[in-house]
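Inspection log for the structure reproduced underneath, given as structure tokens.
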Amino acid sequence: MNTSLKSLTNFWGSSIGKKIVVAVTGAFLVLFLAGHLSGNMLLFIPDHGHAFNEYAYFLHHMLHGAGIWFARIGLLVCFTLHIVGTVQLTRANRAAGQTYEVDGTQRSSGSSKIMIWSGLTILAFVIYHLLHFTIRSGPASDFADPNLYTVTYDGKELHNAYKMVVDGFKVWYVSIFYLIAVTLLCSHLSHGVASIFQTLGLRTSKTESLINIGSKVYTLIIWIGFISIPLSVMVGIIK
Ligand code: HEM
């Protein structure tokens, strides 16, 4: 085994190394959420989905179609390391008779205790979400049907991602499922975001209150932003 591979294995093998990997991959996932939410806000432009469909088209065609695959591989690596790292840390701590708290110095709060469970629920949600909107193979959906979900702008044919989202959330139990999943995601974030700073040694007595408030505000924006989409479809603001 060469030296750099050996140091990487040793780093991952140590508890602090694994915590740092969990924190850094968590930070990337948190940034992904902000990016995903910003793009999704285009759904609110009253242009029958033109801007949102162009944006989805751009994501699928940037760097001649390779860009989205770089992003997908990056996300997959982050998700995998984040989950495997957390599960291994929890197991090791249980074996040692402790509970794993992402936040090492504070008393464990309600949401830190359910971090592992809210995290695994997010995994189930992401799998459902990929089947629903990316693979488009969900039950009772014909989102992959080009006759129903194609739109033409200036002679250019695009997938009508806007209509897919609207039709998806017109199914009330799908919307309810998203509302619950996003709320659990935010319970995870409400503890996780501040913990990233803690693990990376950035939460000091000087920065603590700013980081705590910032994490809460960030989580609130993510929560309101994501739940506003199914809610707006349900009440007919997005149609
Ligand atoms: C109501 C909220 C949401 C809406 C309307 C939404 C919408 C979408 C749509 C339309 C796509 C497919 C884009 C395309 O292929 O054209 C997508 C992909 C994706 N979304 Fe969401 N999303 C929401 C919430 C979330 C949340 C909370 C997460 C993370 C926990 C998430 C993670 C992803 C991921 C990982 C992809 C796959 C990107 C890809 O590989 O194509 N989404 N979303």
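Both counts, for ligands and for their atoms, begin at 1 and track the order of listing. In this text the structure is predicted, and so the values were computed from the model without any measurement.
- Ligand 1 places these atoms under 4.0 Å from at least one heavy atom of L185: 27 (C).
- Here the protein heavy atom with the shortest distance to atom 38 (C) of ligand 1 is T134 OG1, 4.3 Å.
- Residues that satisfy the side-chain contact (heavy atoms from CB on, under 4.5 Å) test with I176, not counting sequence neighbours, are W172, I180, M234.
- For the pair H60 and ligand 1, the shortest N or O to N or O distance falls below 3.5 Å.
- The closest approach between a heavy atom of L33 and any atom of ligand 1 is below 4.0 Å.
- Considering only residues two or more places apart in sequence or on other chains, N53 meets the side chain to side chain donor-acceptor pair (under 3.5 Å) condition with Y153, N160.
- In this structure, the side chains of T150 and D145 stay at 4.5 Å or more apart for every pair of heavy atoms.
- Put simply, the side chain of S190 never gets that close to the backbone of T219: no donor and acceptor are under 3.5 Å apart.
- When each of R203, K19, E208 is checked for a side-chain hydrogen bond (donor to acceptor under 3.5 Å, both in side chains) with Q198, only R203 meets the rule.
- Atom 5 (C) of ligand 1 has F169 CE1, 3.6 Å as its closest protein atom, hydrogens excluded (heavy atom only).
- Side chains of R72 and T134 form a contact here, defined as non-hydrogen atoms less than 4.5 Å apart.
- Looking only at protein heavy atoms, the nearest one to atom 26 (C) of ligand 1 is F125 CE2, 3.6 Å.
- Partners of I45 according to the side-chain contact (heavy atoms from CB on, under 4.5 Å) rule, which considers only residues two or more places apart in sequence or in another chain, are L42, D47, A51.
- Under 3.5 Å, the side chains of S7 and S4 contain no donor-acceptor pair of N or O atoms.
- Only one option out of Y55, F52, F169 pairs with L43 in a side chain to side chain contact (heavy atoms under 4.5 Å, CB included); it is F52.
- Of all the atoms in ligand 1, the ones that sit under 4.0 Å from a non-hydrogen atom of V126 are 30 (C).
- Closer than 2.8 Å to atom 21 (Fe) of ligand 1 sit the protein N, O or S atoms H36 NE2, H129 NE2.
- Atoms of ligand 1 lying under 4.0 Å from at least one heavy atom of P230, given by number and element, are 1 (C).
- Between H50 and Y162, the distance separating the two ring centers is not shorter than 6.0 angstrom.
- Looking at R72, M164, H132, it is R72 that brings a heavy atom closest to atom 40 (O) of ligand 1.
- Across E157 and Y57, no two heavy atoms sit closer than the pair O-CE1, 4.2 Å.
- Of all the atoms in ligand 1, the ones that sit under 4.0 Å from a non-hydrogen atom of F32 are 32 (C), 33 (C), 34 (C), 35 (C).
- Less than 4.0 angstrom separates some heavy atom of L130 from each of these atoms of ligand 1: 36 (C), 37 (C).
- The protein non-hydrogen atom at the shortest distance from atom 2 (C) of ligand 1 is F226 CD2, 3.3 Å.
- Of the possible donor and acceptor atoms, one in the side chain of H188 sits under 3.5 Å from a partner among the backbone N and O of M115.
- Not a single protein heavy atom sits closer than 4.0 Å to atom 13 (C) of ligand 1.
- Aromatic ring centres of Y178 and H132 lie closer together than 6.0 Å.
- Atom 10 (C) of ligand 1 has as its closest protein heavy atom V165 CG2, 3.7 Å.
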